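To start, the structure itself, in structure tokens.
So that the names make sense, note that chain A is the first sequence line, chain B the second, and so on, each numbered from 1. Note that the structure is a prediction, hence the values are computed from the model and not measured.
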Amino acid sequence: MSVDDTRLHAMRHSLAHITAAAVKRLWPKAKFGIGPVIENGYYYDFELDHTLSVEDFPRIEAEMQKIIKESQPFEYFELTINEAIKWAKEENQPYKLELLNDLKRAGTTSIKELDTNELGLSTSENKIDNVSFYKNGDFTDLCRGPHLEHTGQAGAFKLQKISGAYWRGKNTNTQMQRLYGVAFTTAKELKQYLHVVEEAKLRDHRKIGTELGIFMFSDLVGAGLPLWMPAGEQIKHTLTEYMREKEEAQGYKYVSTPVLAHETLYQRSGHTAYYAEDMYSFKDNEGNRFYLKAMSCPHHHMIYERLVKSYRDLPLRLAEPGTIYRNELSGTLTGLIRVRGAITQNDAHIYVTSDQLKAEFLRVLELFKEVYEQVGITDYWYRLSLPDFENKKFAGARDVWEKASQLIREALDEFGAKYVEAEGEAAFYGPKLDVQTRNTLGKEDSIATNQIDVLVPERMGLKYINAKGEEEAPFIIHRAILGSYERFIGFLLEKTAGKLPIWLAPEQIRFITVNQEIETITFTEQIMNEAQDLGLRISVDNANESVGKKIRSAELMKIPYIVVIGEQEIKSKQLNPRIRKDLEVSLNHEALEVDVFLKTVANETKSKTSRSSL
RNA sequence: GCCGGCAUAGCUCAGUUGGCAGAGCAACGGUUUUGUAAACCGUGGGUCGUGGGUUCAAGUCCCUCUGCCGGCUCCA
């Protein structure tokens, strides 16, 4: 961290204390949780006898301003752990008391470390004697610091939102009220940030998807079940075909498996043990329990069993735009990013020998890079998702997991990509490489994944005969380059603000007639026939409206090419395409022969290189 | 699932302390035959998300359910 960052961090953290101090003045019985710094600001958790709402914000902010005006020094002091516990009891602060008791017992307040300790691991070196406090005015908080010298140095801030949050992140604990604030050094930076947030809301895929007629939800169909409208289905179809072409060129074999499976399949794969409650299931009228497919892996494994006998059959790459359904908690559903069903995964399973594993893993990374370059997505990063070895939240042999993790690291180094490691994010069957991005509002999510399965082949008894004539279990790479088509389109809409590259645009050219004369209609129809023969997606607007109005409506639909047709065009047999501003295409606004124009657009569609300049 | 907020015409939204449900856009009809981001005039359209309750009277107050939004938890 730079000096400035450290200062900003201290300022935000000090504002968390100032917020807490203000809340305490307004609701003296407040019980305090924790108040850390987060990206762009901070939060503080409270338990209050009053339910906070945005209507309280002006009052709290006014109180904070008073505290800032008072320039209260942040005074540091230490207490012995027992004195501190006495303080928490006297102040009637049960949450602080819990933290102090953990410090006393285990030397840490980290839930993860505490869990580790409960597994009986050594803690003796963690014992601490003193804990630190900061006091400003009449507000004292258990705190590691650092802080500003005094409250008067606080920068520009704004209370942002209020939400519920489980104490210490455990859903069995009580839920506290979490007050979020944003804070910057200067008022100008704060204003800029708030402006960026407002702009981002305009790019929300839910807004764009509605405006462009891409998808919709219906209360009658139910939550988390998107309905794809014609424009959206066109995008999905184009992407699916695109991926199929890429994957088949890489030796993937497409398969198709049913959306139901008898429970024995998921029992054998081990999924029921982990996810039974998260899969939709029912009993048929003969008493058999079926699950709605929540992942395609076990189905593909059955095909593997039928196809593979020998090491000579490997690698086997099975791909499927697999449609799956997951019983997500209703509160987590968000547009296309988190849905319950009809998730179409860009799924594939690659069955390999241990010798082939790394090379195949690298091939996936290369395909990934190629695809993301072509669709024009650049802001993502790699996350190596590892198990949490300390908490033993993984199944199988530790050394195999470590080997697989190491193999991913080596592959990434060879591939030349940087990555972050994340403990506890692995799949139950192995470590994985996730591709992370942020949505328009800054929330992180995975868009792609490349996983090594070190567990299921063994568990399901998948085998092949190796060169020595012995039975051996393959490794499986589970990979989804576009993740799911639904989520991917969601991110694509946000990153492009709906201005899709020509090859993906549901409508590529719109013809706008100047009048409704028979010559105009006939001429337009001729051009449209020709365009359709070239496979272009087009439409005509010959409504009895002004040209300006029809252009406006086509622009709002983010259509790449708009072509006005009237007397001039009929006479000259030349078109003057109006090109969407963000597009970097070979055409400019010059008049062109009809043939030349249509063929050029058809080529742009094919090449998939005419990317938006966004 | 949990905490909090929200739900009025196809869309975006007004609707005062409970007292006859509104605007713009869209749609439809007419006039207009239009040249690169909104022509003009008119018409129709809502059991105010659902079910219940309080009241002389409910869009407005209370409860239920459903859905949406922001978080938390979860995410194979």
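- In terms of position on RNA chain B, the residue among A/E328 and A/V514 whose nearest nucleotide sits closer to the 5' end is A/V514.
- When the nucleotides B/A76, B/G1, B/U34 are ranked by their closest atom to the side chain of A/S330, B/G1 comes out on top.
- Relative to the side chain of A/A165, the nucleotides B/C72, B/U33, B/A76 differ in distance, and B/C72 lies closest.
- If you measure from atom CG of A/L179 to atom P of B/G71, you get 15 Å, rounded to the nearest angstrom.
- Distance, A/L333 CG to B/G1 C1': 11 Å, rounded to whole Å.
- Checked against B/G35, B/G67, B/G70, the side chain of A/A223 finds its nearest nucleotide in B/G67.
- Note on A/Q177: nothing from the nucleic acid sits closer than 4.0 angstrom, heavy atoms only.
- In summary, the side chains of A/S281 and A/R289 do present a donor paired with an acceptor at a separation below 3.5 Å, with no hydrogens or angles considered.
- Looking at residues two or more places apart in sequence or on another chain, you find a ring-ring contact (aromatic ring centres under 6.0 Å, His included) between A/Y304 and A/Y351.
- The gap from the C1' atom of B/C40 to that of B/U32 amounts to 8 Å, rounded to the nearest Å.
- One P atom belongs to B/C48, the other to B/C72, and the distance between them is 37 Å to the nearest Å.
- Among the protein residues, A/Q345 comes within range of no part of the nucleic acid, since none of its heavy atoms lies under 4.0 Å from any strand.
- Separating the P atom of B/G46 from that of B/A23 is a span of 14 Å, rounded to the nearest Å.
- Each of A/Y180 and A/Q568 lies near RNA chain B, and the nucleotide nearest A/Q568 is the one positioned closer to the 5' end.
- Although no hydrogens or angles enter the test, the distance criterion places a donor-acceptor pair under 3.5 Å between the side chain of A/R487 and the main chain of A/I337.
- Residue A/K432 is in sugar-phosphate contact alone, with no base atom involved, counting any heavy-atom pair closer than 4.0 Å across all strands shown.
- Within the nucleic acid shown, A/G566 comes within 4.0 Å of at least one base atom, counting heavy atoms only.
- Side-chain atoms of A/T272 and A/Q267 form no donor-acceptor pair, as typed in the model, at a separation below 3.5 Å.
- Backbone-only contact: A/T51 has heavy atoms under 4.0 Å from sugar-phosphate atoms and none from a base.
- Among the heavy atoms of the strands, none lies under 4.0 Å from A/G430.
- Distance A/D219 CG to B/C65 P: 16 Å, rounded to the nearest Å.
- Among the nucleotides B/C75, B/U33, B/U36, the one closest to any side-chain atom of A/R326 is B/C75.
- In this structure the side chain of A/D102 reaches within 4.5 angstrom of the side chain of A/R168, judged on heavy atoms.
- Side-chain nitrogen and oxygen atoms of A/R206 include none within less than 4.0 Å of the OP1 or OP2 phosphate oxygen of B/C68.
- Closest of all the heavy-atom pairs between A/P387 and A/A426 is N-CB, 3.4 Å.
- In RNA chain B, the stems built from three or more successive Watson-Crick or G-U pairs (distances below 3.5 Å) are B:1-7 with B:66-72, B:10-13 with B:22-25, B:27-31 with B:39-43, B:51-53 with B:61-63.
- Residue-level contact check: A/N171 touches the backbone only, with heavy atoms under 4.0 Å from sugar-phosphate atoms and none from bases.
- Between B/G15 and B/C56, the two P atoms lie 28 Å apart (nearest whole Å).
- For A/K549 and B/G35, the shortest distance from a side-chain N or O to OP1 or OP2 is not below 4.0 Å.
- The CD atom of A/Q175 sits 13 Å away from the P atom of B/G5 (whole-angstrom rounding).
- When the P atom of B/A76 is taken as reference, atom CG of A/L433 falls 14 Å away, rounded to whole Å.
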Chi angles and distances behind the salt bridge (charged side-chain N to carboxylate O under 4.0 Å, His left out) call for A/E61, A/K158: CA-CA 8 Å; A/E61 284 174 341; A/K158 189 175 189 306; 5.3 Å; no
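- You'll find the ring centres of A/F282 and A/Y280 outside the 6.0 Å limit.
- Below the 3.5 angstrom threshold, one finds no donor paired with an acceptor across the side chain of A/E277 and the base of B/G1.
- The same atom, P, is picked in B/C62 and in B/G4; the two are 14 Å apart, to the nearest Å.
- Considering only side-chain N and O atoms, A/S546 lies under 4.0 angstrom from the phosphate OP1 or OP2 of B/A39.
- Taking side-chain N and O atoms only, A/K170 has no distance below 4.0 Å to OP1 or OP2 of B/C72.
- Side-chain rings of A/F368 and A/Y380 approach one another, their centers coming within less than 6.0 Å.
- Checked against B/A76, B/U36, B/U34, the side chain of A/Q516 finds its nearest nucleotide in B/U34.
- Of the N and O atoms on the side chains of A/T19 and A/Y42, at least one donor lies less than 3.5 Å from an acceptor on the other residue.
- Taking a centre distance below 5.5 Å and an interplanar angle below 30 degrees as the stacking criterion, A/F428 does not stack against the six-membered base ring of B/A76.
- With C1' as the reference atom, B/C65 and B/G19 are 30 Å apart, rounded to whole Å.
- Whole-Å rounding puts the A/L329 CG to B/G70 P distance at 16 Å.
- Comparing the P positions of B/G44 and B/C6 gives an interatomic distance of 35 Å, to the nearest angstrom.
- When heavy atoms are screened at a 4.0 angstrom cut-off, A/E567 is found touching base atoms of the nucleic acid.
- Residue A/Y166 places a side-chain atom within donor-acceptor reach of the base of B/G1, judged by atom type and a 3.5 Å distance cut-off alone.
- Comparing the P positions of B/U64 and B/C25 gives an interatomic distance of 41 Å, to the nearest angstrom.
- The separation between A/Y43 atom OH and B/C72 atom P is 9 Å, rounded to whole Å.
- The residue A/Y275 sits close to a base: some heavy atom pair falls under 4.0 Å.
- A straight line from NE2 of A/H300 to P of B/A76 spans 18 Å, rounded to a whole angstrom.
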